[in-house]
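Take a look at the structure set out below.
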Amino acid sequence: MSEVATGTFTPKPGGAPITQQVVAQALMEAKLMLRNGEQLLLAVVIPVMVLIGGVTAGNAIDLDLGSDRGLVDILTPGVLALAIMSTSFTSLAIATGFERRYGVIKRLGASPLPRTGLLAGKVLALGCVQLVQLFIIGGVGQVLGWTPAAGFGTVVAFFLAIAGGTLAFAALGLFVAGVLRAEATLAAANLIYLLLLAGGAVVLPLTAYGAYGDVARWLPSGALGEAVRTAFLDGAPAWRDVGVLLAWALLGSTLTARTFKWE
């Protein structure tokens, strides 16, 4: 009978690599966001309704937006920008606000995952949800006749727009959630969302707002809308608008770092 080799098991205590922790946190955050009916409404249902309703109504009244491109080609990028804004700002702010109220943020802050890793996981989760939004809204746009500019330049330009928009609105959303109570965050986030939807030049181009467009272009919503529209209409980055988004991201990050309360 052969002898079985024996050895000593030596445990190796310690946490998983930080990247693995962040990815795990991001996947959990994304699943929770997509399972929440209110978040799903903001992320997908409302943008799709805006797209279908806007194209239908615009064609019925012959809406003039100062462009020779079809209405669906103008509205679809704007609705994609709206979806990015709703997820990165409104959904994130509301979810984080109630996590603070119920002590979830405090407990996660004491876990092996560093607090910076927790915030990174939340931002990464937004990217996962935005992929779902892109496929659904883009698919609806295709059914309605959307013909975006093709080529690698379009992909790069859209990536820059979505990255800048996500960073800007996520930073502002965390700022709101970190300084207000949960109920106040809920009210403020929804109010700001509605105001930017109506007058933030996110769905409609700046030309639709007349002289006010010169002001709206410096809002994060206006910059995001123009950056996404330029990506899909011209297939090129809108560097000025991306720069505006990064400036808002820097401002929001600075305010969040100085004021965010974990409980």
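In this text, all values refer to a predicted model and were calculated from it rather than measured experimentally.
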Mind checking the CZ-OG spacing from Phe175 to Ser253? Nearest 0.5 Å is all I need.
-> 12.0 Å
Please assess Phe232 against Trp146 for the test ring pair (Phe, Tyr, Trp, His ring centres under 6.0 Å), listing each intermediate value before the final yes or no.
-> CA-CA 10 Å; Phe232 285 114; Trp146 179 38; 5.1 Å; yes
Any link between Leu191 and Val179 through a network of hydrophobic side chains (Ile, Leu, Val, Met, Phe, Trp, Tyr) touching at under 4.5 Å?
-> no
Would you say Ser86 and Gln133 make side-chain contact, with heavy atoms under 4.5 Å?
-> yes
Taking C-beta and beyond as the side chain, do Thr166 and Ile84 meet within less than 4.5 Å on heavy atoms?
-> yes
To the nearest 0.5 Å, what is the distance between CD1 (Ile137) and CD1 (Ile52)?
-> 10.5 Å
Going only through I, L, V, M, F, W and Y residues with side-chain contacts under 4.5 Å, is there a path from Val45 to Val140?
-> yes
Side-chain donor or acceptor of Arg217 paired with backbone N/O of Leu206 under 3.5 Å = no
Indicate yes or no for a side-chain donor-acceptor contact from Thr154 to the backbone of Ala149 under 3.5 Å, with no hydrogens or angles considered.
-> yes
Would you name the heavy atoms of Trp248 and Ala168 that are closest together and state the gap between them?
-> CB-CB, 4.0 Å
Neighbour count >12 (heavy atoms, 6.0 Å) for atom OH, Tyr212 | yes
Indicate, with yes or no, if Leu82 and Val44 share a hydrophobic cluster defined by side-chain heavy-atom contacts under 4.5 Å among Ile, Leu, Val, Met, Phe, Trp and Tyr.
-> yes
What pairs with Tyr193 under ring pair (Phe, Tyr, Trp, His ring centres under 6.0 Å), at least two apart in sequence or on another chain?
-> none
Is the shortest distance from a Lys or Arg side-chain nitrogen in Glu226 or Arg240 to a carboxylate oxygen in the other one below 4.0 Å?
-> no
Excluding sequence neighbours, so at least two apart, what forms side-chain contact (heavy atoms from CB on, under 4.5 Å) with Val155?
-> none
Interatomic spacing from OG1 in Thr147 to CG in Leu233 - rounded to 0.5 Å | 9.0 Å
Walk me through it: do Thr76 and Gln142 pass the test side chain to side chain donor-acceptor pair (under 3.5 Å)?
-> CA-CA 9 Å; Thr76 303; Gln142 290 286 313; over 6 Å; no
Would you say Met28 has more than 12 foreign heavy atoms packed within less than 6.0 Å of its CE?
-> yes
How many angstroms lie between CG in Asp241 and CG in Leu160, if you round to the nearest 0.5 Å?
-> 11.5 Å
Do you know the tightest heavy-atom contact between Ala170 and Leu126?
-> CB-CD1, 4.0 Å
Under a 4.5 Å side-chain heavy-atom rule over Ile, Leu, Val, Met, Phe, Trp and Tyr, are Phe152 and Trp239 clustered together?
-> yes
Taking all non-hydrogen atoms of both residues into account, name the closest pair between Ala125 and Ala30 and its distance.
-> CB-N, 3.7 Å
Evaluate the side-chain proximity of Phe158 to Leu134: yes if any heavy-atom separation is below 4.5 Å, no if none is.
-> yes
Please check if Val123 and Ile94 belong to a single hydrophobic cluster, counting links between Ile, Leu, Val, Met, Phe, Trp and Tyr side chain heavy atoms closer than 4.5 Å.
-> no
